[in-house]
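Quick note: numbers below take in every heavy atom, side chains included, and nothing from hydrogens, waters or symmetry partners. Chain letters run A, B, ... following the sequence lines, proteins first and then strands; every chain starts at 1. All values reported here derive from a predicted model rather than from experimental measurement.
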Protein chains: 2
Amino acid sequence: MKLETRKEEIIRVAAKLFKEKGYSAVTMRDLAGEMGIKAASLYNHINSKQDILDTIIISLAEEFTEGMRLIQSSKQNCIGKLKQIIQLHIRISSQNIYGMASLNNDWMHLKEKRSYYKKLRSDYEDDFRGILKDGIVSSEIVDLNPEVMMFSILTTLRSLYIWIPKKEDLNLEELSSALNQILIEGINK
Amino acid sequence: MKLETRKEEIIRVAAKLFKEKGYSAVTMRDLAGEMGIKAASLYNHINSKQDILDTIIISLAEEFTEGMRLIQSSKQNCIGKLKQIIQLHIRISSQNIYGMASLNNDWMHLKEKRSYYKKLRSDYEDDFRGILKDGIVSSEIVDLNPEVMMFSILTTLRSLYIWIPKKEDLNLEELSSALNQILIEGINK
DNA sequence: GTCTATAAGACGATAGAC
DNA sequence: GTCTATCGTCTTATAGAC
């Protein structure tokens, strides 16, 4: 297991603070204090506050893009792909709880990388929508507005970072199984 | 129809800016600029930036609390109450798209009112969970982890403010009907 | 009700010593 | 790699003229 560099430590601690207060409300002095050093010392490892946010968000967004690429290339039906998407979100979210908060809430503070991020997100949603539309055509899923279906499932998955740390007694296999049922079969008996 | 006071206008415009950039990233100069006046002039109508946020968030949180109180006092089964909760979120969210963003993303920037807000939210979730648990006991809904069911439904409803303005061609009755089906019956055919 | 001027401090970031 | 000192700018908010 590779040791964490100082730069990686800064990014990890920054993501934790960004989750608590949001990017704009976290100062370089806050971050330095949490690291046990002075604010000026941070600049020996990173270029700017903006760079930290860029790194956190873009690396996560690319991870989702790569995950979706693998799912798309697998030969499965709609329900199978949806279950894999649920798995993908649980895996990435549980591995990077703090970063997921920035991805969801602070992407608007990206500058040069903002349009790139929006392209990745938009492509991801296009793939997701395509899977649902295929499922409607093949009669695997109900013929309801695919936009509303995607919205409902995706917002649940995008909020996992809030709930996973609050329910530590709930293991990830149990969560995965419950979400598969709830999101796909519903809660009605 | 009552005319909007200057103070109400400031709060409405502030909520719009808070949705776009978050509370911390919006300056009083931004807000004044959007109003067509100077920043100092704002203080003739409001006490502080903090007060604006307090007003936006607490009034919405109390609206949800009151809505839940009415639903609880109505004699309905679990599914009936859930459908009313869906209606409640659609109604409040569509009437105050901008404010919902602050309620969801900027509540951590409350100061004196923060614990009051957290109490309202926690009570709301307790009521929601209670409805689901009753539904499990009466065999109306499936016997899955009520925490995960609540998480899934509630995060979808709490994110409505993002999606409603993006899908203006989708009217609210259609949205309501689709959400009832998706959240309760699932998407499986 | 809006303005100009300004207080008092916090902000991101840099220079240069050690 | 961290420090002290500091720059130039932006921040919320107030005082007082009109």
For every nucleotide of nucleotides 6-18 of chain D, 5' to 3': is a protein heavy atom under 4.0 Å from its base (B), only from its sugar-phosphate (S), or from neither (-)?
-----BBBBB---
Secondary-structure notation, DNA chain D, from Watson-Crick and G-U pairs under 3.5 angstrom (| other strand)
||||||||||||||||||
Short N-O contact, B:E66 and B:R91, less than 4.0 angstrom:
no
Answer yes or no: is there an ion pair linking A:E174 with A:K167, defined by an N-O contact shorter than 4.0 Å?
no
Sorted by chain and number, sequence neighbours left out, salt bridge (charged side-chain N to carboxylate O under 4.0 Å, His left out) with B:K21 holds for B:D30
Under the salt bridge (charged side-chain N to carboxylate O under 4.0 Å, His left out) rule, collect the residues that match up with B:D51, sequence neighbours excluded.
none
Among the clusters formed by ILVMFWY side chains lying less than 4.5 Å apart, do A:I79 and A:V137 turn up in the same one?
no
Any idea which heavy atoms bring B:A25 and A:H109 closest together, and the distance?
CB-NE2, 3.6 Å
Looking at every heavy atom in both A:F128 and A:L154, which two are closest together, and how far apart are they?
CE1-CD1, 3.8 Å
Rounded interatomic separation in angstrom, taking [atom1] from [X] and [atom2] from [N]:
X     : N      : atom1 : atom2 : answer
A:H45 : C:dG12 : NE2   : C1'   : 17 Å
A:L31 : C:dC11 : CG    : P     : 12 Å
A:N44 : D:dG1  : CG    : C1'   : 5 Å

With the side chain counted from C-beta on, respond yes when B:I85 and B:I131 share a heavy-atom pair under 4.5 Å apart, and no when they do not.
yes
Under 4.0 Å, heavy atom to any atom of DNA chain D: which of residues 5-12 of chain A qualify?
A:R6
A:S41 side-chain N/O to D:dG1 phosphate OP1/OP2 under 4.0 Å:
no
Under 3.5 Å, is there a donor-acceptor pair between the side chain of A:S152 and the main chain of A:M149?
no
Listed once per pair and sorted, the salt bridge (charged side-chain N to carboxylate O under 4.0 Å, His left out) pairs that draw on residues 129-146 of chain B, sequence neighbours left out
B:D126-B:R129, B:R129-B:E147
